[in-house]
Number of protein chains: 2
Amino acid sequence: MAGTSFAERTETRLDNAERLCAAHGSRLTDLRRQVLGLVLEAARPVGAYDLLDGLRADKKGAAPPTVYRALDFLLEEGLIHKIERLSAFVGCTHALDGSHTEAGHPHAAQFLICTGCGQVTELDDHGILHALIDATRHIGFTVRHSTVEAEGLCAACRDVATA
Amino acid sequence: MAGTSFAERTETRLDNAERLCAAHGSRLTDLRRQVLGLVLEAARPVGAYDLLDGLRADKKGAAPPTVYRALDFLLEEGLIHKIERLSAFVGCTHALDGSHTEAGHPHAAQFLICTGCGQVTELDDHGILHALIDATRHIGFTVRHSTVEAEGLCAACRDVATA
DNA sequence: TTCAAATATGTTACATTATAACGTATTTTG
DNA sequence: CAAAATACGTTATAATGTAACATATTTGAA
């Protein structure tokens with residue numbers, strides 16, 4: 001059993017994740033749970049090699065494939081997202097906090113990256129998704145998955161900048 | 001002078017690019033012109049190291065920074081875009097083919113990546129941009145730059161798949 | 001239950017993408 | 001022309017990601 005212990009809120013979310021996995025016949029193993037925990041405990045998007053460092057506190061010989069395989073699994077389950085512009089990963093608030101027992105389906109997700117504080121906010125805005133689908137439909141393109149990432153300033157950082 | 005010679009259409013677009021640069025006081029040097037030419041001649045998004053190989057046909061000792069510096073310049077000028085999901089670069093049709101003499105301003109740009117044929121189509125759809133701005137405004141986030149990339153099937157590849 | 005198949009993880013090596021740091025050349029400007 | 005700014009050359013290395021194969025664990029069917 002992994003020695004790492006996480007904050008209570010994180011454990012709750014991990015339990016949610018475990019239920020979601022069970023619900024579609026996949027297993028949130030100790031290793032995967034631990035990697036997801038490390039992602040969730042980070043205040044901001046985490047890189048794969050930061051996660052690897054975190055893992056090594058517990059499992060001395062961990063290597064890159066250990067982390068990447070866990071990340072691939074978590075991405076497929078929709079439990080985390082990859083922020084492409086940052087090559088980093090965040091927990092999916094939609095899946096882990098929401099009342100959505102129907103995970104797995106890739107949902108619309110948009111990410112707001114604040115260049116001031118580094119925080120990333122996840123949106124799940126249907127208007128954006130529909131605008132994208134509308135724009136692509138009439139040229140015959142079928143969207144399977146979309147990446148929407150906006151860089152800018154969050155409310156708090158903008159206020160600081162204006163002051 | 002660089003020995004590489006490009007198709008006529010490409011030269012035309014390079015001339016456009018040169019005018020755009022001149023219009024805001026930057027220089028499309030031989031090197032930058034050559035890198036842009038290589039991007040434009042590629043049927044699909046090109047990686048930095050593919051460009052490096054292309055460069056080396058002409059300049060034997062070229063090294064990664066040679067290419068990356070040229071790419072940084074071209075990105076800043078809005079002459080190319082980076083497709084984050086592919087770590088690859090495409091010419092900006094908006095800037096190079098359009099009647100838009102007012103380059104430099106980052107415009108709304110969305111990319112449709114066909115997983116069938118690898119082609120990437122650039123959209124410049126205001127509906128998507130506005131949906132994004134609407135969704136972010138009411139939470140106080142100010143968008144400075146956005147990345148929108150959709151993966152799916154273009155009309156041609158979808159027809160093949162359905163057949 | 002017991003073995004075969006499927007799944008998950010360990011381990012080594014390497015591929016790909018990107019940048020730091022410093023020196024030289026070229027261009028621009030006073 | 002000389003100084004400053006800009007662009008480029010060169011070496012080394014950082015950061016991100018994967019291939020390939022071995023071992024362990026779990027699952028499922030006989």
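Numbered from 1 within each chain, the chains take letters A, B, ... in sequence-line order. Bear in mind that the values here come from a model prediction, so they are computed numbers and not experimental data.
We find that CD of A:Glu84 is positioned 14 Å from P of C:dT17, with the value rounded to whole Å. Between the P atom of D:dG9 and the NZ atom of B:Lys60 lies a distance of 15 Å, rounded to the nearest Å. The CG atom of A:Leu28 sits 15 Å away from the C1' atom of C:dT7 (whole-angstrom rounding). Rounded to an integer number of Å, the gap from B:Asp53 CG to C:dT17 P is 11 Å. In this entry the distance linking CG of A:Leu52 with P of C:dT9 reads 15 Å, nearest Å. In this structure, B:Leu31 atom CG and C:dT24 atom C1' are separated by 15 Å, rounded to whole Å. Going from atom CD1 of B:Ile83 over to atom P of C:dT17 covers 14 Å, rounded to whole Å. Taking atom CG of residue B:Asp30 and atom P of nucleotide C:dT26, one finds them 12 Å apart after rounding to whole Å.
Annotation: B:Arg56, atom CZ; neighbour count of heavy atoms from other residues, nucleotides and ligands within 6.0 Å is above 12.
Applying the side chain to side chain donor-acceptor pair (under 3.5 Å) test between B:Thr147 and each of A:Arg85, A:Glu149, A:Glu84 identifies A:Arg85 as the sole match. Here the options are B:Arg13, B:Arg19, B:Glu18, the test is side chain to side chain donor-acceptor pair (under 3.5 Å), and the partner is B:Asn16; only B:Arg19 passes.
Side-chain nitrogen and oxygen atoms of B:Lys59 include none within less than 4.0 Å of the OP1 or OP2 phosphate oxygen of D:dC8.
Note on A:Arg33 versus A:Glu11: salt bridge recorded, some NZ/NE/NH1/NH2 to OD/OE distance being below 4.0 Å. Taking the charged nitrogens against the carboxylate oxygens, A:Lys59 and A:Asp30 have no contact shorter than 4.0 Å, which rules out a salt bridge.
In this model, a donor atom of one side chain and an acceptor atom of the other lie less than 3.5 Å apart for B:Glu41 and B:Thr10.
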Evaluate side chain to side chain contact (heavy atoms under 4.5 Å, CB included) for A:Cys157 paired with B:Phe141, printing each intermediate quantity in order.
CA-CA 9 Å; A:Cys157 289; B:Phe141 190 94; over 6 Å; no
How far apart are the C-alpha atoms of B:Val90 and B:Phe111, what are their side-chain angles, what is the distance that settles it, and do they pass the side chain to side chain contact (heavy atoms under 4.5 Å, CB included) test?
CA-CA 10 Å; B:Val90 294; B:Phe111 300 96; 4.1 Å; yes
Steps toward side chain to side chain contact (heavy atoms under 4.5 Å, CB included) verdict (A:Leu153, A:Cys114):
CA-CA 5 Å; A:Leu153 287 180; A:Cys114 177; 4.2 Å; yes
Give the B/S/- string for nucleotides 12-21 of chain D, one per nucleotide from 5' to 3', where a protein heavy atom under 4.0 Å of the base yields B, of only the sugar-phosphate yields S, and otherwise -.
----BBBBB-
Can you build the contact string for nucleotides 24-29 of chain D? Use B for base contact, S for sugar-phosphate-only contact, and - for no protein heavy atom under 4.0 Å.
--SS--
